[in-house]
Amino acid sequence: MADSPLRLLRARVGAGVAAAFGADVEPPESLVVPTSDPRHGDYTCPAAMSLARTLRRPPHELAERLAAALDLADVCDPPEVVRPGFVNLRLRRSWLESQVVAMVGDDRLGIGPVAEPVRVVVDYSGPNVAKQMHVGHLRSTIIGDSLGNVLEFLGHEVERVNHLGDWGTQFGMLIAHVEDVHPGGLGGAGTEVEDLEALYRTANARFSEDPAFRDRARQRVVDLQSGEPAARAAWQWMVDLSMARNQEVYDLLGVRSLVTRGESSYQPLLADVVAELEAAGLVVVDDGAKCVFVEGFTNKAGEPLPLIVQKADGAYNYATTDLAALRSRVEQGARRLVYVTDAGQAQHFAMVFAVAARAGWLPPDVEAAHVAFGLVLGEGGGRLRTRSGDTVRLHGLLDEAVARARAFLVARAAERGEPVPADIDEVARAVGVGAVKYGDLSQNRQSNYVFSYDRMLTLKGNTAPYLQYAYARIRSILREAGRDGDGGTAAEAVTVSLGEPQEADLARRLVATGDVLERVVDDYLPSHLSAHLYELAQAFHQFYEHCPVLRAEAAVRRSRLALCEVTAASLRRGLGLLGIEVPERI
RNA sequence: GCCCCCGUAGCUCAGGGGAUAGAGCACCGGCCUCCGGAGCCGGGUGCGUAGGUUCGAAUCCUACCGGGGGCGCCA
């Protein structure tokens, strides 16, 4: 098993601090950090500077003492103490070589599972019944999916939940409207989701314009919630139709282990949730609605803001559902709750978490995180819309990306005078969908970003196609060498020799993947991983440029082939964790 | 009005309290007798403003400016 450098160095340097200054000295927060400049080594320990005050000694002296106390000879070259008080560390060539050797043929790339795996619920995607998935669901789905992948890879027990919007006021108005326009009952097999959407739009318009209709819609919500058969049947029809269409999108995206547990499934728990809040004395009835007022939240007028848990008409809303879901997830052993929704819901989740904590449903050892993300913007700067002003459907958006990728592949084959590859549709899908995913995941999720096919699908720079190409290129080398089979290298003893600086640079990137994955789940930022993979691909290209592989003499060739293998495996694994496929040939 | 997020190079964006703030795109020059040139090598400009905390701030705090989002029975 290989060790991620940061994990290893932090443990060793922590021990060094205790040895040099006593076990009672509080170790500083940043024990070891990567350097910003290779001239300062690979990693550095700035601890002496922060300890200078408490220990009342000059930082340089402390750094010297720390360096002398470090037990790192197997991992690093002798530490270098630099003013004002840095202890700079450089990984030993022999250590890097042994790490790369350990990664060859290892499906996990030498990355061990976390010491304390926990049960994690990742809640993402969450489309609404009666509406097609649109671009707004893109970010939730792919960010949530990749976070689930990384958490799972690190050894956690991950449950991916699709909190389907299959409940609420919208169904009251839909049912009421459908009863008006289809008095004979719901339509047959031919009904498409487009029709559901048209019904939704009309129903919505009526709801906002017609008070009588609004009252009836609200009544039908209550009917649905009490299990009235006609309302229930109409509802189920809509859910099935909608999910069948959503499944096409999930198939296209390669989203697999997402389990649908819609809002409706929490319905039996809602009354109890409110009853418990009432029993805890948290509920105040205001304008007929049952509210929980939470400190620190105010409305426009500066008055306390309520979390409404039961509306004046008796119906429950999404706050109640979210509380019920949270409570049941914790009861079932989850120790980490991850909600991937747009940033506009930040206040809602902050309030839900606060209420849950006060009700005792969210104990301190359970982490609840709202993983918020910004909007997807059009090239003009506003929300992404079609030319006619509609929201962009996710299915169409992905189809367009695949079509563009395919057109490129066809054009390139023609340029080279080659036939169109037999698997072009598969490759085009991997490239097109991968480009969309990577274009999103490589952004800081908190900011809005501008959606651009041209930028995502460009073949240069930090894009999925660039990384997929880098992978295909490496695989091509391995094929030439007859190393593309399973365990091709395992048959002979692997030795790695990092004689050239480009080889060592590549190796430093390769061994850092485990550290990067830990950061991804600490910060809930897949962009850390995309940045790492891009740097890895760049390091590979530099290596490739300066270090011939196939033409090298036998021992060097074996070593470089091992580097190629581990790089390819790292790219495949890393992109896989982002939910992106890597074709063997492009 | 209050709350949240964002503001870094001409453009799109990275950046973990640590040293001289990095990529890509675009622009200008090199490199194909060479494993896939979607590549490599070189070229320069910047942390919204003003304070504060700190040995050290793009990063933390405060105020302001600019952009986006949210703010009582939609989710």
Side-chain angles (χ1 to χ4, degrees), chain A residues 6 28-30 33-37 39-40 44-46 49-50 52-53 59 82-86 88 126 128 163 165 167-170 173 204 207 263 286-291 296-303 305-313 315-319 321-322 341-348 350 372-375 377 381 383 412 442-444 446-450 452 455 458-463 465-470 472-478 480-481 519 522-523 527-528 530-531 534-535 538 540-542 544-546 548-552 560 564 585-586:
Chain A
L6 263 180
E29 274 183 39
S30 54
V33 292
T35 56
S36 53
D37 186 326
R39 278 174 301 180
H40 302 132
T44 189
C45 168
M49 268 95 71
S50 48
R53 167 165 297 223
V82 178
R83 288 190 182 276
F86 293 101
N88 291 341
N128 289 306
H163 196 73
W167 209 245
T169 309
Q170 56 195 343
M173 68 193 191
N204 203 35
F207 187 84
E263 295 172 342
D286 199 43
D287 285 342
K290 290 182 182 170
C291 304
F297 297 92
T298 52
N299 67 7
K300 294 177 204 175
E303 298 153 353
L305 193 63
L307 187 70
I308 294 174
V309 295
Q310 188 169 13
K311 303 192 294 184
D313 62 4
Y316 303 106
N317 62 5
Y318 77 132
T321 308
D322 282 340
T341 79
D342 68 275
Q345 297 187 51
Q347 184 172 265
H348 166 73
F373 52 82
L375 300 171
L377 306 178
R383 283 185 201 233
R412 198 184 58 152
S442 58
Q443 304 283 325
N444 182 324
Q446 310 219 49
S447 332
N448 299 342
Y449 79 95
V450 176
S452 160
R455 196 145 32 82
T458 191
L459 312 164
K460 298 175 180 177
N462 191 9
T463 66
Y466 169 87
L467 294 173
Q468 288 166 323
Y469 180 76
R473 217 173 164 192
I474 302 170
R475 295 298 293 173
S476 166
I477 296 169
L478 294 169
E480 291 285 322
R519 283 191 67 209
D522 283 349
D523 302 341
S527 57
H528 290 324
S530 67
Y534 182 59
E535 288 162 6
Q538 285 182 312
F540 176 79
H541 278 128
Q542 286 162 30
Y544 176 83
E545 196 72 18
H546 294 100
V549 178
L550 297 177
R551 285 179 284 113
R560 290 182 178 167
C564 287
R585 291 185 176 80
I586 293 183

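Residue numbers start from 1 in every chain, and the chains themselves are labelled A, B, ... in the order their sequence lines are given, proteins ahead of strands. Treat the numbers as computed from the prediction; the structure is a model and nothing was measured.
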Could you work out which one of rC41(B), rG16(B), rA75(B) sits closest to the side chain of R519(A)?
rG16(B)
Using a heavy-atom cut-off of 4.0 Å across all strands, would you classify S50(A) as base, sugar-phosphate, or nothing?
base
Take the protein atom CG of D37(A) and the nucleotide atom C1' of rA19(B), then report the distance between them rounded to whole Å.
8 Å
note: Q538(A), atom CD; rA23(B), atom P; distance rounded to Å ~ 8 Å
For the CZ atom of F297(A) and the CG atom of N299(A), what is their distance to the nearest 0.5 Å?
13.0 Å
Give one of base, sugar-phosphate or nothing for V33(A), where a contact means two heavy atoms less than 4.0 Å apart.
nothing
5′-ward residue of the pair Y318(A)/N88(A) relative to RNA chain B
N88(A)
Rounded to whole Å, how long is the line connecting atom OH of Y469(A) with atom P of rG24(B)?
18 Å
Does S476(A) place a side-chain N or O at less than 4.0 Å from the phosphate oxygens OP1/OP2 of rG36(B)?
yes
For rG22(B) and rC47(B), measure between their P atoms and round to the nearest Å.
14 Å
Would you mind classifying the nucleic acid contact of L467(A) as base, sugar-phosphate or nothing, using non-hydrogen atoms under 4.0 angstrom?
nothing
Work out how far the C1' atom of rU62(B) is from that of rC27(B), and round it to whole angstrom.
42 Å
If you only use heavy atoms from C-beta on, which nucleotide in rG15(B), rC40(B), rA38(B) is closest to the side chain of L459(A)?
rA38(B)
Considering only atom P, compute the distance from rC71(B) to rC13(B) and round it to an integer number of Å.
25 Å
Whole-Å distance between rA75(B) C1' and L307(A) CG?
13 Å
What pattern of brackets, bars and dots sums up RNA chain B from 5' to 3', given Watson-Crick or G-U wobble pairs under 3.5 Å, [ ] for crossing pairs and | for another strand?
(((((((..((((....[...)))).(((((.......)))))....(((((..]....))))))))))))....
When we call it a touch if two heavy atoms are under 4.0 Å apart, what does A52(A) touch: a base, just sugar-phosphate, or nothing?
nothing
Select base, sugar-phosphate, or nothing to describe what H541(A) touches, counting heavy atoms under 4.0 Å on all strands.
sugar-phosphate
Describe the nucleic acid contact of P84(A) in one word from base, sugar-phosphate, nothing, applying a heavy-atom distance below 4.0 Å.
nothing
Atom pair CD (E263(A)) and OH (Y316(A)), whose distance is rounded to the nearest 0.5 Å:
15.0 Å
I need the minimum non-hydrogen distance between A319(A) and H348(A), along with the two atoms involved.
CA-CE1, 3.8 Å
Looking only at heavy atoms, which two atoms of P306(A) and C291(A) are closest? And how far apart?
CB-CB, 3.5 Å
What's the closest nucleotide to the E263(A) side chain, out of rG18(B), rC35(B), rA75(B)?
rA75(B)
Identify the two heavy atoms, one from I586(A) and one from Y469(A), that lie closest to each other, and give their separation to 0.1 Å.
CD1-N, 3.7 Å
Of all the nucleotides listed (rG72(B), rC25(B), rA14(B)), which has the minimum atom distance to the side chain of K460(A)?
rC25(B)
Could you go through the side-chain contact (heavy atoms from CB on, under 4.5 Å) check for I308(A) and K290(A) one step at a time?
CA-CA 6 Å; I308(A) 294 174; K290(A) 290 182 182 170; over 6 Å; no
In whole Å, I'd like the distance from the CE atom of M49(A) to the C1' atom of rA57(B).
14 Å
Whole angstroms only, please: what is the CZ-C1' distance between R412(A) and rA38(B)?
8 Å
Nearest-angstrom distance from the residue atom CZ of R551(A) to P of rG36(B)
10 Å
Base, sugar-phosphate, or nothing: which does E535(A) touch, judged by heavy atoms less than 4.0 Å apart?
nothing
Contact class for D313(A) (heavy atom, under 4.0 Å): base, sugar-phosphate, or nothing?
nothing
Can F86(A) and M49(A) be said to form a side-chain contact (heavy atoms from CB on, under 4.5 Å), step by step?
CA-CA 8 Å; F86(A) 293 101; M49(A) 268 95 71; 3.5 Å; yes
For atom C1', what is the distance between rA57(B) and rG18(B), given to the nearest Å?
10 Å
Kindly say whether, by distance alone, the side chain of T44(A) makes a donor-acceptor pair under 3.5 Å with the base of rA19(B)?
yes
Would you measure the distance from the P atom in rA9(B) across to the matching atom in rG56(B) and give it in whole Å?
27 Å
Base, sugar-phosphate or nothing for H348(A)? Non-hydrogen atoms, less than 4.0 Å.
nothing
Side-chain-base donor-acceptor pair under 3.5 Å for D523(A) and rG16(B)
no
Between rG43(B) and rC3(B), how many Å separate the two P atoms, rounded to a whole number?
47 Å
Starting at the 5' end of RNA chain B, which residue's closest nucleotide do you reach first, Q446(A) or A472(A)?
Q446(A)
With the side chain defined as heavy atoms from C-beta on, N444(A) is closest, among rG15(B), rC35(B), rA38(B), to rG15(B)
Using a heavy-atom cut-off of under 4.0 Å over every strand shown, decide if F86(A) touches base, sugar-phosphate, or nothing.
base
Consider the side chain of R39(A), meaning its heavy atoms from C-beta on, and name the nucleotide among rA14(B), rG72(B), rU20(B) that approaches it most closely.
rU20(B)
In terms of heavy-atom contacts, L459(A) and P465(A) come closest through CD2-CB, 4.1 Å
Atom OH of Y449(A) and atom C1' of rC11(B): how far apart are they, to the nearest Å?
18 Å
Counting only heavy atoms not in R412(A), do more than 12 sit closer than 6.0 Å to its CZ atom?
yes
Y534(A) side-chain proximity, nearest of rG72(B), rC35(B), rG24(B)
rG24(B)
In whole Å, measure the gap between the C1' atoms of rC31(B) and rG67(B) for me.
44 Å
Could you tell me if N88(A) and T44(A) have a donor-acceptor pair between their side chains, going purely by distance under 3.5 Å?
yes
For every nucleotide of nucleotides 65-71 of chain B, 5' to 3': is a protein heavy atom under 4.0 Å from its base (B), only from its sugar-phosphate (S), or from neither (-)?
---SSSB
Which one, rG15(B), rA19(B), rC41(B), comes nearest to the side chain of H546(A)?
rC41(B)
Glycosidic conformation of rC32(B), taking syn as within 90° of 0 and anti otherwise:
syn
Please report the distance separating the P of rU12(B) from the corresponding atom of rA21(B), rounded so that it comes out in whole Å.
23 Å
Taking all non-hydrogen atoms of both residues, which atom of Q542(A) and which atom of H546(A) are closest, and how far apart?
O-ND1, 2.8 Å
If you measure from OH on Y466(A) to OG1 on T458(A), what distance do you get to the nearest 0.5 Å?
12.0 Å
Determine whether a donor-acceptor pair (N or O, by modelled atom type, separation under 3.5 Å) exists between the side chain of R455(A) and the backbone of T463(A).
no
